[in-house]
Amino acid sequence: MGALILIGTAVAAAAFGIAVYIAVHRIIMKGRRDSIIEKAELEAENIKKEKILQAKEKFLQLKSEHEQQVNEKNAQLKDAENRLRQKENNLNQQNKELQRKISELDNAKASVQAQKEVLEKKAEEYEMLRQEANKQIESIAGLSAAEAKNILMENMKAEARSEAQAYINDTMDDARLNAAKEAKRIVITTIQRTATETAIENAVTTFPIENDEIKGRIIGREGRNIRALEAATGVEIVVDDTPDAILLSAFDPVRREVARLALHQLVIDGRIHPARIEEVVAKVQKQLEDEILETGKRTCIDLGIHGMNIELVKLIGRMKYRSSYGQNLLQHSREVANICAIMASELGLNPKVAKRAGLLHDIGKVSEDDPELPHALLGMKLAEQYKERPEICNAVGAHHEETEMTSLISPIVMVGDAISGARPGARREVIESYIKRLKGMEDLAAAYPGVTKSYAIQAGRELRVIVGAEEVSDEQAAQLSSDIAQKIQNEMTYPGQVKITVIRETRSVAYAK
């Protein structure tokens, strides 16, 4: 019993302690919460005051800026108002001045009108006096005014015709004398200012070699390498006892250059066989085409010619490997261009147009199209095709008088061509006719069906014709050589005899993969 009382007392005491703790804790927490709230309210009040102060400062700043902008606008408006007032004053002054000038013009007009009336009265008086004088003269001379006028006019006409004819004769004589002198002066000045060296092309190129071993490798087994090289390039390769040299013979300088470059690469590479020869020749031909284009571009740049069609530039580059009566065609054309430019300047014409026409005047000589046309007309056709100016086209076509001249540039180009070609040693007629004969021989053979290539070699004493094995049989090849020989004999003039060799080659190609 006593234990239960003790336990109950202890429980009651514990409950009382807990209740006291809770009450005290609540009092403490309430005090803390009130303190935090007071602090928060104080901080909020401070923040509120600070924000209000910042807002007031911002308002004052904006107000100041606004007042400044308003003042600036007012100043601008005042300036604009002053300018308008000044313009108004100027307009008023101009209006007053204009009114004054109008008043002066009205006064002058009235004065002129008065003077006009006075002059009209004096003219009437003069006419009356003139008629009276004419009547007196008619009565004295016994002729009417119309008859006297006719006699006077006839006498004056006869005198005027005589004086005019004499003046015309003197003018024409003076013009002939001065024209001859001026023409001689221009030509002499032009020749002196364009004095250049002349060049004679030959038909043989010497290729140096180091020793006879390389010469033997170029010939190949049973001569197959040299035959392949001749067939690929159309150049006769002469291998004789000449030490350290091989001769490349062809009338076409482009072919000789291709053969020379191909031989150079083959000797350096060391691999010399028919397949490699064909590969190198094709590569060299492509390189030479690029070089021809570069030569044409460089020529145009040197002469100050711009905007020319790329095909014409290529043809200009090909002139480097052509000759005109033994004279290098590119050098000749450059010389004619400079001569034409100088003569055009002396005559007061456009030197750039004359220079362009002079450069293009022989462009037909390097084209392989329309071989039936004269080179001047073919050049004119090419110039028209590539959109050159009409006066340039006419100058190209008329420089050998094969078409009518329609501009002053045409006779200048004709004279420039004659001046360039007439230099001592500049041309050789024999070379030109020789090249034309060989070219005609090749074209004649190439016209037959089945012919893929034709080359005139050995100075025109041999014509090699390469035919396709699929298109021409052995019997047809033999007949073809006979037909070509007969046609050359009937249609061409040549010294000695011409050997026609028809080559028919069958190739079998397979690939190992």
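The shortest heavy-atom contact between Gly397 and Leu377 is O-CD2, 4.1 Å. Taking all atoms of both residues into account, the shortest heavy-atom contact from Glu442 to Tyr455 is OE2-CA, 3.4 Å. Listed here is the closest heavy atom pair of Asp417 and His400: OD2-CE1, 3.5 Å. Here the shortest heavy-atom pairing between Val313 and Cys300 reads CG2-SG, 4.3 Å. What you find for Asp362 and Leu329 is that their closest heavy atoms are OD2-CD1, 3.6 Å. Of all non-hydrogen atoms in Val413 and Cys340, the two that sit nearest each other are CA-SG, 3.6 Å.
A distance of 5.5 Å separates NZ of Lys63 from CD of Glu67, quoted to the nearest 0.5 Å. Taken to the nearest 0.5 Å, the CD1 atom of Ile102 stands 12.0 Å off from the CG atom of Asn107. The distance from the CD1 atom of Ile47 to the CD1 atom of Ile52 is 12.0 Å, given to the nearest 0.5 Å. Between Ile277 atom CD1 and Thr233 atom OG1 the span is 9.5 Å, to the nearest 0.5 Å. His306 NE2 to Lys352 NZ: the interatomic distance, rounded to the nearest 0.5 Å, is 6.5 Å. The CD1 atom of Ile310 lies 5.0 Å from the NZ atom of Lys297; values are rounded to the nearest 0.5 Å.
The shortest side-chain heavy-atom distance between Gln287 and Gln265 falls under the 4.5 Å cut-off. For the pair Met380/Glu402, no side-chain contact is recorded, criterion being any heavy-atom separation below 4.5 Å from C-beta on. By the 4.5 Å heavy-atom criterion applied to side chains, Leu261 and Glu257 are counted as neighbours. For the pair Ile301 and Arg298, the minimum side-chain heavy-atom distance is 4.5 Å or more. With a 4.5 Å cut-off on side-chain heavy atoms, Glu104 and Arg100 count as touching. At least one side-chain heavy atom of Leu360 sits under 4.5 Å from a side-chain heavy atom of Ile316. Within the 4.5 Å cutoff, no side-chain heavy atoms of Met319 are placed close to those of Thr299. Under the 4.5 Å side-chain criterion, counting only non-hydrogen atoms from C-beta, Asn338 is in contact with Leu303.
Side chain of Thr295 to backbone of Glu291: a donor-acceptor contact under 3.5 angstrom is found. With Thr452 contributing its side chain and Gly468 its backbone, the two residues share no donor-acceptor pair below 3.5 Å. A donor-acceptor contact shorter than 3.5 Å links the side chain of Ser345 to the backbone of Ala341.
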Starting from the C-alpha separation in whole Å, work towards a yes-or-no answer on salt bridge (charged side-chain N to carboxylate O under 4.0 Å, His left out) for Arg85 and Glu81. CA-CA 6 Å; Arg85 188 177 292 109; Glu81 184 178 356; 2.9 Å; yes

Give the C-alpha distance, both sets of side-chain angles, the deciding distance and a yes or no for side chain to side chain contact (heavy atoms under 4.5 Å, CB included) between Glu279 and Lys283. CA-CA 6 Å; Glu279 178 185 348; Lys283 182 179 178 181; 5.8 Å; no

Go through the steps for Gln113 and Glu117 under the test side chain to side chain contact (heavy atoms under 4.5 Å, CB included), then give the verdict. CA-CA 6 Å; Gln113 185 65 29; Glu117 292 176 356; 3.9 Å; yes

Going through the distances and angles, do His66 and Leu62 end up as a side chain to side chain contact (heavy atoms under 4.5 Å, CB included)? CA-CA 6 Å; His66 177 69; Leu62 292 175; over 6 Å; no

Worked check of salt bridge (charged side-chain N to carboxylate O under 4.0 Å, His left out) between Lys121 and Glu125: CA-CA 6 Å; Lys121 290 180 179 179; Glu125 293 177 359; over 6 Å; no

Before giving the answer on side chain to side chain contact (heavy atoms under 4.5 Å, CB included), spell out for Glu57 and Leu53 the whole-Å C-alpha distance, their side-chain angles and the decisive distance to 0.1 Å. CA-CA 6 Å; Glu57 291 177 353; Leu53 183 60; 4.0 Å; yes

Using distance only, find each side-chain donor-acceptor pair of residues 384-395 under 3.5 Å and give its atom names and separation, not counting sequence neighbours.
| residue | atom | partner | partner atom | Å |
| --- | --- | --- | --- | --- |
| Glu388 | OE1 | Arg356 | NE | 2.7 |
| Glu388 | OE2 | Arg356 | NH2 | 3.3 |
| Arg389 | NE | Glu391 | OE2 | 3.0 |
| Arg389 | NH2 | Glu391 | OE2 | 2.8 |
| Asn394 | OD1 | Thr406 | N | 2.8 |
| Asn394 | OD1 | Thr406 | OG1 | 3.2 |
| Asn394 | OD1 | Ser410 | OG | 2.6 |
| Asn394 | ND2 | Glu404 | O | 2.7 |
| Asn394 | ND2 | Thr406 | OG1 | 3.3 |

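Listed by chain and number, the residues in a ring-ring contact (aromatic ring centres under 6.0 Å, His included) with His273 amount to none (sequence neighbours excluded).
Using a 4.0 Å cut-off between charged side-chain N and carboxylate O, Lys286 and Asp290 make a salt bridge.
Taking the six-membered ring wherever Trp is involved, the centroid distance between the rings of His361 and His332 falls below 6.0 Å.
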